[in-house]
Asker: 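Right, I'll just put the structure down here and ask away after.
By convention here, the first residue in the shown sequence is residue 1. The structure displayed is predicted, hence computed values, not measured ones.
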Amino acid sequence: MTESIKALVERRVAGKSLDAPFYTSDEVFDLDMKAIFAKHWIFVASEPEVAEPGDALVVNVGTASVIIARDDNGEIRAFHNVCRHRGVRMIPEGKTMIGNIVCPYHSWTYGLDGKLKFYEHMGEDFKPGCNSLKPVALRSIGGLLFICLSDNPPGDIDEMARIMEPYLAPHNVREARVAHQVDLIELGNWKLTMENNRECYHCGPNHPELTIPLFAYGFGFSPTELDEEGRAAAQRYTDLIEVSRSRWEGEGLPSSEVDELTGRPTGFRTQRLPIDQSGESYTMDTRAACRMPIGAVQDKALGALSFWTQPNSWHHFMGDHVITFTALPLSADRTLVRTTWLVNKNAVEGVDYDLERLTEVWKATNQQDADLVEIAQQGAEDPAYETGFYSPYTEGLVEKFAVWYIERLKDYLA
C-alpha cells in the first residue's frame, strides 16, 4: 500500500467531501474492493429472485463471482463460482435454473449443496469430499440476501438482523415475487452513487416524479431559509409524521428511526416516513400501484419504510410493493445499479397492476440520478476539483457515509 493513500485517509476533513483520488484512482478502487467489498456484508438480491429449488443467480463482486442457489430442500446457499478442478468459472453472470452445478470444461458436477458428485480420471487417492465448492457466507434478513466474501464475516450482522426483522417482517418479502428488474450502469465511482442516494438536497431541481410522493423534508432542511409556504409545508410534514407513526405503531409496524450508520462494520439505518397526498405508494398519483397488498397489513397508507445498508444498498417498503437497490462497483468510474420491484406473489400483471405505473417513478429517478453521478464524476476528474463543505441540514447522511468509509479503510490499513 502506498503512503499516499494512507495520507489521503488520515487527512480527510470532517464535514467535507472526499479528495478526488477517492473517486478517480484505480489504486483506491483496488483498495475499496479489498477493504470494503471483500470484507463486509454486501446486499446482492432478494429471496424471490431464487424462489424455487433449482433457481440460481450469479453475482459478480469485483473479480469474485458467487453462485446463489436454492437447493432441493428449499435452503438458499452461496458458493464461489470456481471449479475445484482447474479453477474455471462455471456459470455466467445472471439468473438461471439448474439441477446441478456443472463445469463446462471437464464436466465436474456439484450438487446444489456444493458437494462434488461426478468427476473422472482422478485416481484412487483423490478425495472428492475435500473438493466441494467453497462456500460463501450468506444471510437472509427479512428476505433480503447479503453475502460476505471474507472467511471472517463481521459478526455485527446479528444485531442488524435482530433490529430489522420486526421492521421488515410485515412486508413478507420472502413470499413476494419479482415484477420487474432493471440494471443501469452509472458512469461514476460507487461512492458517488451512494453519496447521491444519501441526500435529497438535489431532489427538488432534479426529480419531478419522485417529489410528487416523497417529502424532501424527511431528509433535512434549513429552518432559517424557508419562506412562509415552506415553513407551512415543513410543519405539515412534522405533524403528519407524529399522526402516522402513532397509527403505524398501533398496527404493529415498527416505524421509529434507527441510525447505526457509523462506528460499526455493518452500518445501517431505517425509518418509516409518510408519503404525500394519499400516502400509499411511490407512484405519480401516490396511490397503490398494485391492488393486492404485499405482506399481511391491509392498510394501504403505510408510507414508505426506508432501509439503508453500508456500503451498497437502499430499499423502500410500501403497502403494495417493495423496491430494492444494490450498487456494485465495476471500475473506478463505473457502477452497476440494480433495481428490483417486488409484488404479492399472487399478483398478475395487467390484472392487479400495470407495470409502467408500478415502475415509472423510480425508472425516471434512477436515470436522473445516473446523470447526476456522471457529471459528479466529471467534476472529480477535473484539475480544478477540491473538497467542498456538506450542508449540516441536508447532507448529514452523506457525511455519515464518508465517516463510515474512512473508518473502514483505517481499520483495514491498521
Side-chain angles (χ1 to χ4, degrees), residues 1-42 61-64 148-157 159-160 186 188-199 201 220 259-269 308-313 327-335 373 375-414:
M1 183 57 56
T2 64
E3 183 63 31
S4 60
I5 291 184
K6 291 182 179 179
L8 281 172
V9 171
E10 291 297 333
R11 75 167 183 245
R12 193 263 160 167
V13 177
K16 297 187 73 175
S17 59
L18 301 174
D19 284 293
F22 284 112
Y23 307 114
T24 63
S25 164
D26 289 333
E27 189 175 5
V28 171
F29 178 80
D30 291 342
L31 174 63
D32 286 353
M33 299 312 295
K34 294 174 183 175
I36 304 294
F37 285 86
K39 297 291 185 182
H40 294 80
W41 290 98
I42 308 299
V61 182
T63 57
C148 184
L149 297 172
S150 172
D151 292 333
N152 297 294
D156 64 343
I157 194 171
E159 178 71 0
M160 184 172 81
E186 295 192 350
N189 186 271
W190 70 275
K191 293 185 289 295
L192 291 175
T193 295
M194 298 308 298
E195 289 171 8
N196 179 75
N197 169 258
R198 297 310 199 226
E199 51 96 350
Y201 192 171
D259 190 329
E260 297 285 347
L261 287 170
T262 62
R264 51 185 292 143
T266 310
F268 70 99
R269 180 181 186 272
W308 297 350
T309 69
Q310 314 283 40
N312 80 314
S313 80
L328 297 171
L330 302 177
S331 66
D333 60 358
R334 295 289 187 277
T335 304
V373 168
I375 58 176
Q377 182 71 30
Q378 292 169 354
E381 293 171 354
D382 193 297
Y385 174 90
E386 60 182 53
T387 60
F389 287 99
Y390 292 139
S391 163
Y393 300 109
T394 61
E395 293 173 303
L397 296 174
V398 185
E399 167 66 7
K400 288 187 176 183
F401 173 76
V403 167
W404 178 88
Y405 171 70
I406 295 297
E407 285 175 348
R408 305 326 306 154
L409 291 192
K410 286 182 176 180
D411 183 73
Y412 180 82
L413 294 173

Asker: What's the spacing between D26 CG and L31 CG if we round to 0.5 Å?
Answerer: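 With rounding to 0.5 Å, CG (D26) is 12.5 Å from CG (L31).
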
Asker: Could you tell me which non-hydrogen atom of A380 sits nearest to which non-hydrogen atom of A20, and how far apart they are?
Answerer: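 Looks like O-CB, 3.5 Å.
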
Asker: Looking just at side-chain N and O atoms, do E195 and Y23 make a donor-acceptor pair shorter than 3.5 Å?
Answerer: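 The criterion, which ignores hydrogens and geometry beyond distance, is satisfied for Y23 and E195.
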
Asker: Within the structure provided, determine whether D333 and E381 are in side-chain contact (heavy-atom separation under 4.5 Å).
Answerer: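 In contact.
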
Asker: Is there a donor-acceptor contact under 3.5 Å from the side chain of W308 to the main chain of R198?
Answerer: no

Asker: Could you tell me which non-hydrogen atom of S17 sits nearest to which non-hydrogen atom of Y390, and how far apart they are?
Answerer: CA-OH, 3.2 Å

Asker: Rounded to the nearest 0.5 Å, what's the gap from OG1 on T24 to CG on D382? Could you check?
Answerer: 11.5 Å

Asker: Heavy atoms, side chains only, cut-off 4.5 Å: are W404 and H40 in contact?
Answerer: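 They are in contact (side-chain heavy atoms under 4.5 Å apart), so the answer is yes.
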
Asker: Side chains of N152 and S150: any donor to acceptor distance under 3.5 Å?
Answerer: no

Asker: Is K39 salt-bridged to D411, going by a charged N under 4.0 Å from an acidic O?
Answerer: no

Asker: Using a 4.5 Å cut-off on heavy atoms from C-beta on, say whether the side chain of Y405 contacts that of L18.
Answerer: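 Counting from C-beta outward, L18 and Y405 do come under 4.5 Å.
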
Asker: P329 versus M33: any side-chain heavy-atom pair under 4.5 Å?
Answerer: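 Side chain of P329 against side chain of M33, heavy atoms only: contact under 4.5 Å found.
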
Asker: Taking I42's backbone N and O only, do any of them form a donor-acceptor pair with N312's side chain (distance below 3.5 Å, no angle check)?
Answerer: no

Asker: Please test F401 against N197 for side chain to side chain contact (heavy atoms under 4.5 Å, CB included), starting from the C-alpha separation and ending with a verdict.
Answerer: CA-CA 10 Å; F401 173 76; N197 169 258; over 6 Å; no

Asker: Would you say NZ of K16 has more than 12 non-hydrogen atoms from neighbouring residues, nucleotides or ligands within 6.0 angstrom?
Answerer: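 Enclosed: over 12 neighbouring heavy atoms sit under 6.0 Å from NZ of K16.
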
Asker: Does the pair E399/R12 count as a salt bridge with the N-to-O cut at 4.0 Å?
Answerer: yes

Asker: Is it true that a side-chain atom of R264 and a backbone atom of D156 form a donor plus acceptor pair closer than 3.5 Å?
Answerer: yes

Asker: Supply the atom-to-atom distance T309 OG1 to M194 CE, rounded to the nearest 0.5 angstrom.
Answerer: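 One finds 7.0 Å between OG1 of T309 and CE of M194.
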
Asker: Are side-chain heavy atoms of T335 and N189 found at a separation under 4.5 Å?
Answerer: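 Not in contact.
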
Asker: Where do P311 and W41 come nearest, in terms of heavy atoms and distance?
Answerer: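 Closest approach of P311 to W41, heavy atoms only: CD-O, 3.7 Å.
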
Asker: Can you see which heavy atom on F22 is nearest to which on K191, and at what distance?
Answerer: O-NZ, 2.6 Å

Asker: Within the 4.5 Å heavy-atom criterion, are M160 and I157 side-chain neighbours or not?
Answerer: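 Yes. Closest side-chain heavy atoms under 4.5 Å.
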
Asker: Measure the shortest side-chain to side-chain distance between T387 and V13 over non-hydrogen atoms and say whether it is less than 4.5 angstrom.
Answerer: no

Asker: Looking at every non-hydrogen atom in both residues, tell me the closest pair between T266 and P154 and how far apart they are.
Answerer: OG1-CB, 3.9 Å

Asker: Is there a side-chain contact between L409 and I5 (heavy atoms, below 4.5 Å)?
Answerer: no

Asker: Could you measure the distance from the CD atom of E199 to the CG atom of N196? Nearest 0.5 Å is fine.
Answerer: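 E199 CD to N196 CG: 6.0 Å, rounded to 0.5 Å.
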
Asker: Looking only at heavy atoms, which two atoms of G188 and V373 are closest? And how far apart?
Answerer: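 That would be CA-CG1, 3.7 Å.
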
Asker: CZ/F29 to CH2/W190 distance, rounded to the nearest 0.5 angstrom?
Answerer: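 If we round to the nearest 0.5 Å, F29:CZ and W190:CH2 are 9.5 Å apart.
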
